[in-house]
Amino acid sequence: MKLYQLLLLLVPFTVLSQEKEKANFFGGFESNSQWYLNDKGLKDEFNNSTTHPENPLRSNSFLFLNYKYKNWTAGIQGEAYEKNALYNMNPKYDGINVATYFIQYKTEKIDLTAGYFYEQFGSGLLYRSWEDRALGINNALRGGRVIFKPTKYLTFKSIYGQQRTGFDVANSKIYGMDAEVTLSDLLKYKTTNVSLGFTYVGRDEKTDIVNPKFNNLTNGFAGRLSLTHNSFYLSTEYDYKSKDAVVQVTDQIDNNLIKPGSAVLLNLGYSKKGFGVDGTFRRLENMSFFSERGAKGNSYNDRIMNFIPSLTKQNHYNLANIYVYQAQPNVILADKDLVKAGEIGGQFDVFYDVKKGSSLGGKNGMKLAFNFSNWNALGGTFYIYNPQDYKTDFLGFGKRYFTDYNFEVTKKWNSKWQSIFSYVNQYYNKKMIQETSGEVNTNILAAEATYKFTASRSIRIVGEHLWADHDKKNWASATAELNLNSKLSFYMSDMYNYGNDVDYLRNHYYNVGGSYRRKATRVALNYGRQRDGLVCVGGVCRYVPTSSGLSLSLNTSF
């Protein structure tokens, strides 16, 4: 179905919304386009300039329409990737077609959905379906979902369907059930909230393996507990995935290495006005879960069934996002120096507000924030050949993947001036994380200042520097943002890899652009260069190659 055909759906929906007093029609449109340029000054590691593609104009566009009447809601989403999708998107995103559709009936106690839908059980370590257009993720389930709430303290969920992949669905069936009971409501606690949850997820896929040593159906089970009492909180979850064939390389199912998977997650903390401390521990073993076994390891997050974000500080500085950690749930038995079956580690946060009027806080006070994260491979015994196998230690720490220290000071000097100073120290093991070579140690300093001319007009200046002992070595970065009012803003930035050992790779990655917002519509225009690396949202990443060009984005809702 072409995009203009989807637009025709606006007519009957609009008429109905006018005729029915309780009817409501709403939706939106989003388009992200880029004209890629042949930038002769931007070189790659082979001393090649970025090339002008055969079809330099690429675009990802989304039109979504919803109609609600009383307890009923129906929706449809069309997507267009013409003439091609943006660089390094899933090649299955091709052409123009209807992507998702659904119809839903919902009351206080019952919620029924048929068609495509999104759902999450617990933390998502066992099952989550969601959409993130920046990452090219849309793993909605096409089938049916039932949510039943017989009382305010009991919730039951049941799902069945096939997972979206491109404009098609995966060659498997997904089953799922989840139950949650809020004990504090049941027992009428006043200062304590307690809930228990239980999950089952099944993936049924028949492969082409002759005489498989694993079952078509892979079962996953999980239990979770959440507790809050006054300023204290605690949550924990355990997930188990039944024995299944291990996939070390995409599309290569190993019929001789059959292993289970598991995950342990623990989060606890204390928070009150002006002070907070939070700690998270996670252990993953062989916890990748895809709707098709052979999809494991693909670079597009295609057919992924669970949500495994990296639990590190989500930095907003350019240079702190060069060496970004990605969660390591996979099994790799490549050689004696590259063996892994998962990850173990965690992060720790402390927040403290220095009081106003104190000698350190001054008239307006000051905010301090500290974050520490550390991740290692699982320790254990690994057999590389004849046959491949492994046995992990539950609390065994193997080779280090990543360590990150962050310290941040936020100071409001007066009603117009505010500054932020940050220090970041990182250790990044490229061999273990990216399966290439090398280890990188970095130190990063960042300082930013914001000046408010009026309530809606401000300027923000950011300066950053990264020192690295390996890989691309030192970087410098500067950013300036000008907000003229609540509608119009401009920015310019540059990242300069001046310390690279290879002279033709000492590139400037400059960008200049602006955006205009009016009511529910936002238009943004940008010209500049994109460095190769990871683009991450919420701890989940996709790789983007080096490119240069002009980009335009449009986002509106109605």
Side-chain angles (χ1 to χ4, degrees), residues 191 228-235 266-281 310-325 345-375 402-428 441-468 474-483 491 493 539:
T191 60
T228 63
H229 179 71
N230 295 328
S231 297
F232 293 92
Y233 57 87
L234 176 149
S235 64
L266 174 64
N267 173 246
L268 54 88
Y270 174 84
S271 177
K272 69 175 185 178
K273 185 178 180 180
F275 176 74
V277 58
D278 181 272
T280 302
F281 168 82
S310 58
L311 297 181
T312 60
K313 181 176 175 61
Q314 306 300 301
N315 275 296
H316 64 279
Y317 293 114
N318 291 328
L319 301 186
N321 283 298
I322 291 178
Y323 298 104
V324 184
Y325 180 68
Q347 68 171 332
F348 180 75
D349 286 281
V350 179
F351 308 93
Y352 180 68
D353 291 350
V354 182
K355 292 182 179 181
K356 297 179 181 180
S358 65
S359 57
L360 184 60
K363 180 180 177 181
N364 297 290
M366 184 166 56
K367 296 180 181 294
L368 305 177
F370 172 76
N371 171 274
F372 166 74
S373 62
N374 186 83
W375 295 95
F402 180 84
T403 301
D404 192 19
Y405 297 89
N406 295 265
F407 183 68
E408 186 173 277
V409 180
T410 303
K411 175 66 177 177
K412 183 178 180 180
W413 300 98
N414 52 46
S415 60
K416 294 183 178 295
W417 280 103
Q418 177 177 291
S419 62
I420 302 176
F421 299 94
S422 297
Y423 168 71
V424 182
N425 176 277
Q426 298 171 321
Y427 166 81
Y428 187 88
N441 292 278
T442 73
N443 287 280
I444 303 168
L445 286 177
E448 64 176 277
T450 301
Y451 180 78
K452 291 185 177 181
F453 300 97
T454 65
S456 60
R457 181 178 298 179
S458 65
I459 186 170
R460 175 174 173 262
I461 305 294
V462 183
E464 308 170 48
H465 192 276
L466 179 149
W467 293 266
N474 295 356
W475 292 73
S477 175
T479 303
E481 298 176 356
L482 176 63
N483 298 298
Y491 78 94
S493 69

- Query: Counting N and O atoms only, with roles assigned by atom type, does the side chain of Ser231 sit under 3.5 Å from a partner on the main chain of Lys272, one being a donor and the other an acceptor?
  - Reply: no
- Message: Check whether Asn321 reaches the backbone of Asn315 with its side chain - one donor and one acceptor, N or O, closer than 3.5 Å.
- Response: yes
- Please identify each residue that fulfils ring-ring contact (aromatic ring centres under 6.0 Å, His included) with Tyr270, with sequence neighbours left out. Phe232
- Approximate separation, where rounding is to 0.5 Å, of Asp349 CG and Asn406 CG: 8.5 Å
- Item | Residue pair Tyr405 / Phe370, side-chain heavy-atom distance below 4.5 Å | yes
- Task: State which residues pass side chain to side chain contact (heavy atoms under 4.5 Å, CB included) with Asn474; sequence neighbours excluded, sorted by chain then number.
- Result: His465, Trp467, Tyr498
- Query: Counting N and O atoms only, with roles assigned by atom type, does the side chain of Trp375 sit under 3.5 Å from a partner on the main chain of Leu311, one being a donor and the other an acceptor?
  - Reply: yes
- Query: Looking only at heavy atoms, which two atoms of Trp417 and Asn414 are closest? And how far apart?
  - Reply: N-OD1, 2.8 Å
- Item | Side-chain donor or acceptor of Gln314 paired with backbone N/O of Thr312 under 3.5 Å | yes
- Query: Who are the side chain to side chain donor-acceptor pair (under 3.5 Å) partners of Ser235, not counting sequence neighbours?
  - Reply: none
- Quick one: list whatever passes side chain to side chain contact (heavy atoms under 4.5 Å, CB included) with Thr228, sequence neighbours left out. Asn193, Tyr233
- Query: How are the rings of Tyr428 and Phe402 set to each other: parallel, tilted or perpendicular (split at 30° and 60°)?
  - Reply: perpendicular
- From the options Thr280, Asp404, Asn371, select the one residue that forms a side chain to side chain donor-acceptor pair (under 3.5 Å) with Gln347. Asn371
Kindly list each side-chain donor-acceptor pair under 3.5 angstrom involving residues 360-368, sequence neighbours excluded, with atom names and distances?
| unit_1 | atom_1 | unit_2 | atom_2 | d |
| --- | --- | --- | --- | --- |
| Asn364 | ND2 | Lys412 | O | 3.3 |
| Asn364 | ND2 | Trp413 | O | 2.8 |
| Lys367 | NZ | Asp353 | OD2 | 3.3 |

Can you give me every donor-acceptor pair (side chain of residues 442-456, partner residue at least two apart or in another chain, under 3.5 Å) with its distance?
| unit_1 | atom_1 | unit_2 | atom_2 | d |
| --- | --- | --- | --- | --- |
| Thr442 | OG1 | Gln426 | OE1 | 3.0 |
| Asn443 | OD1 | Tyr423 | OH | 2.4 |
| Asn443 | OD1 | Asn425 | ND2 | 3.0 |
| Glu448 | OE1 | Arg460 | NE | 2.9 |
| Glu448 | OE1 | Arg460 | NH2 | 3.4 |
| Glu448 | OE2 | His316 | NE2 | 3.2 |
| Glu448 | OE2 | Tyr317 | OH | 2.7 |
| Thr454 | OG1 | Ser456 | N | 3.4 |
| Thr454 | OG1 | Arg457 | N | 3.1 |

